[in-house]
Amino acid sequence: MGPQSRSESWERLGSETFDVVVIGGGIVGAGVALDAATRGLRVALIEARDLAAGTSSRSSKLFHGGLRYLEQLEFGLVREALRERELMLTLLAPHLVKPVSFLYPLTRRVWERPYTAAGLFLYDTMGGARSVPGQKHLTRAGALRMVPALKRDALIGGIRYYDAQADDARHTMTVARTAAHYGAIVRTSTQVVDFLREADRVSGVRVRDVEDGRETDVQAGVVINCTGVWTDELQRLSGSRGRFRVRSSKGVHIVVPRDRIVSESGMILRTEKSVLFVIPWRNHWIIGTTDTDWNLDLAHPAATKHDIDYLLEHVNEVLATPLTHDDIEGVYAGLRPLLAGESEETSKLSREHAVARVAPGLVAIAGGKYTTYRVMAADAVDAAAVDLPGRPQSSITDKVPLIGADGYHALVNQADHLAAQHGLHPYRVRHLLDRYGSLVHEVLAMADERPELLKPLEHAPDYLAVEVVYAVSHEGALHLEDVLARRTRISIEYPHRGVDCAQQVATLMGEILGWSADVTDHEVEVYRARVEAERDSQTQPNDEAADARRVAAPEARANITEPVS
């Protein structure tokens, strides 16, 4: 997915006829492209910004059944999600998806332990086979040994259970690259600006390259709308009446250094509305999430001071040493695409997904949760089959490991040898393996002629310079924010949010993309303006004020149209 393939893919979009055109490069769109490609269909995936640029880079980064959905009696959803979690851990993406433990603090005597234990027993057994440990009951002393950061009076005991986590943006990008590996065209910075029709049937889309403004028509047997919170907007553009509506719910997370909360385990805390997660994330903790309606800019949801105060207030109720605003390294806000229901509370809306044939040649899918993306994708392609000649093969993505999965476990055992071979610390190689899996050889080979690329970035030492180069040459990164916010997570893992290393990263990117000094400087300026706007928005008291500050920042992709309709 480098510059050369990008140029070739534009020619192919305008000259070939595809069985399936997928709109949206989030996890569902990437999943649909992979599902369709591995069924033997000719596939093109179109994304207006970057892979995972929306919701799919701003989640809680968990592959989980959704413990709270048990209380809502959504047993089918939980069972399905747990089955998917197991597939990811064992076969499909063991290099990207890892087990993570959580402490559930108990605060009520007598009834809460048996009630919670029964729920966790269901949680442990519903998904069938399980590769994570089962629940473990702890006294108050045992729970405090596991999580010394808790106030002594914040609990009377606890139960530890396991789920799984992944870097959502990296996982989404890997699903898309796997689709490309099986023949799909995957093209970012390519916006759908109109739908093509033959009589009453959708026969393709008109797209614009938002890097240079060129347009072309793409012919398709069926178009699948996988645009999440933009679903309604695309349905309006198509001129078809939607079968369902999507509501946006804003979820805000904060990131704090690992040493601010002394704990061996993550935590799940009850709030008056939902639950709050404290999730271990490398050298950090992710704390989230909020759950509020959002009716403003869909591309750049903004966190407010109120959102951040809400998270700090709730986590500080149980911490012996409270967190402050000064402890926060990063903040991110994402939008959940929820199917609009009767209830006004977004936290009560179902996470079930819906698929509809909106018009002949046009299918839409929305709702669902990150963990069940593979099931959603299979359902969408099944629904699209009616518009395709012949009978497409059944979905096989439960048997198709993502690129980097094959050989991963052997490489983990060989990490010391690999480290010695390249003059790296074994810890560094393990970190690379958990980002690239067996593609690590491809990454390290880029430094064969330029050993200086194996040095850490000056102001973001968790990452090597070679990772920036690889992000551009193999992973489709086109702009500075693609690398700092999604191919790496520098934008949320360092207090400078990527500003301090922007010049170095832009210079490395420019070598591959052929940027002039002016273009390189412009990329740095645009990124700095983005960070400044985000910081400014996070001091505002409400959504409207925060949104006004955030949308004032320039777009990295200058030719994008928002909204499209």
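Quick note: residue numbers are just sequence positions, from 1. The analysis underlying the following values was restricted to heavy atoms, covering all of them including side chains, and did not include hydrogens, waters or symmetry mates.
Side chain to side chain, Gln235 and Ser240 fail the donor-acceptor criterion of an N or O pair below 3.5 Å. A donor-acceptor pair shorter than 3.5 Å can be found between the side chains of Thr561 and Arg208. Looking at Ser57 and Arg486, their side chains never bring a donor and an acceptor atom within 3.5 Å of each other. Of the N and O atoms on the side chains of Ser56 and Asp168, not one donor lies less than 3.5 Å from an acceptor on the other residue. With no hydrogens or angles considered, a side-chain donor-acceptor pair links Glu493 and Trp281 at under 3.5 Å. Using modelled atom types and a 3.5 Å distance limit, the side chains of Thr172 and Tyr370 yield a donor-acceptor pair. Side chain to side chain, Glu555 and His300 meet the donor-acceptor criterion of an N or O pair below 3.5 Å. Using a 3.5 Å distance cut-off with no hydrogens or angles, the side chains of Glu475 and Tyr470 do not pair a donor with an acceptor.
Salt-bridge annotation for Arg206 and Asp194: absent, with no side-chain N of the basic residue lying under 4.0 Å from a carboxylate O of the acidic one. The residues Glu467 and Arg487 are annotated as not salt-bridged, no charged nitrogen and carboxylate oxygen being separated by less than 4.0 angstrom. Between Asp19 and Arg39 there is no salt bridge, since no side-chain N of the basic residue sits under 4.0 Å from a carboxylate O of the acidic one. Electrostatic pairing of Arg12 and Glu8 does not count as a salt bridge here, judged by no charged N lying under 4.0 Å from a carboxylate O. Ion pairing of Arg201 with Asp387 is present here, as a side-chain N (NZ or NE/NH1/NH2) and a carboxylate O approach within less than 4.0 Å. One finds no salt bridge joining Asp482 and Arg49 here, because no Lys/Arg side-chain nitrogen approaches an Asp/Glu carboxylate oxygen to under 4.0 Å.
For the pair Arg79 and Tyr123, the cation-pi test (distance below 6.0 Å, angle within 45°) is failed.
For the ring-ring contact (aromatic ring centres under 6.0 Å, His included) test, residues two or more places apart in sequence or in another chain that qualify with Tyr332 are His253.
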Next on the checklist: Does Thr227 form a side-chain hydrogen bond (donor to acceptor under 3.5 Å, both in side chains) with Asn225? I'd like the steps, not just the answer.
Outcome noted: CA-CA 6 Å; Thr227 53; Asn225 177 1; 2.5 Å; yes
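Remark: of the listed residues Arg247, Arg336, Lys250, Arg247 is the sole one forming a salt bridge (charged side-chain N to carboxylate O under 4.0 Å, His left out) with Asp293.
Side-chain atoms of Thr372 never come within 3.5 Å of backbone atoms of Val375 as a donor-acceptor pair (strictly under, hydrogens ignored). In this structure, the side chain of Arg58 engages the main chain of Ala333 through a donor-acceptor pair within 3.5 Å. Between the Trp294 side chain and the Asp297 main chain, a donor and an acceptor come within less than 3.5 Å of each other.
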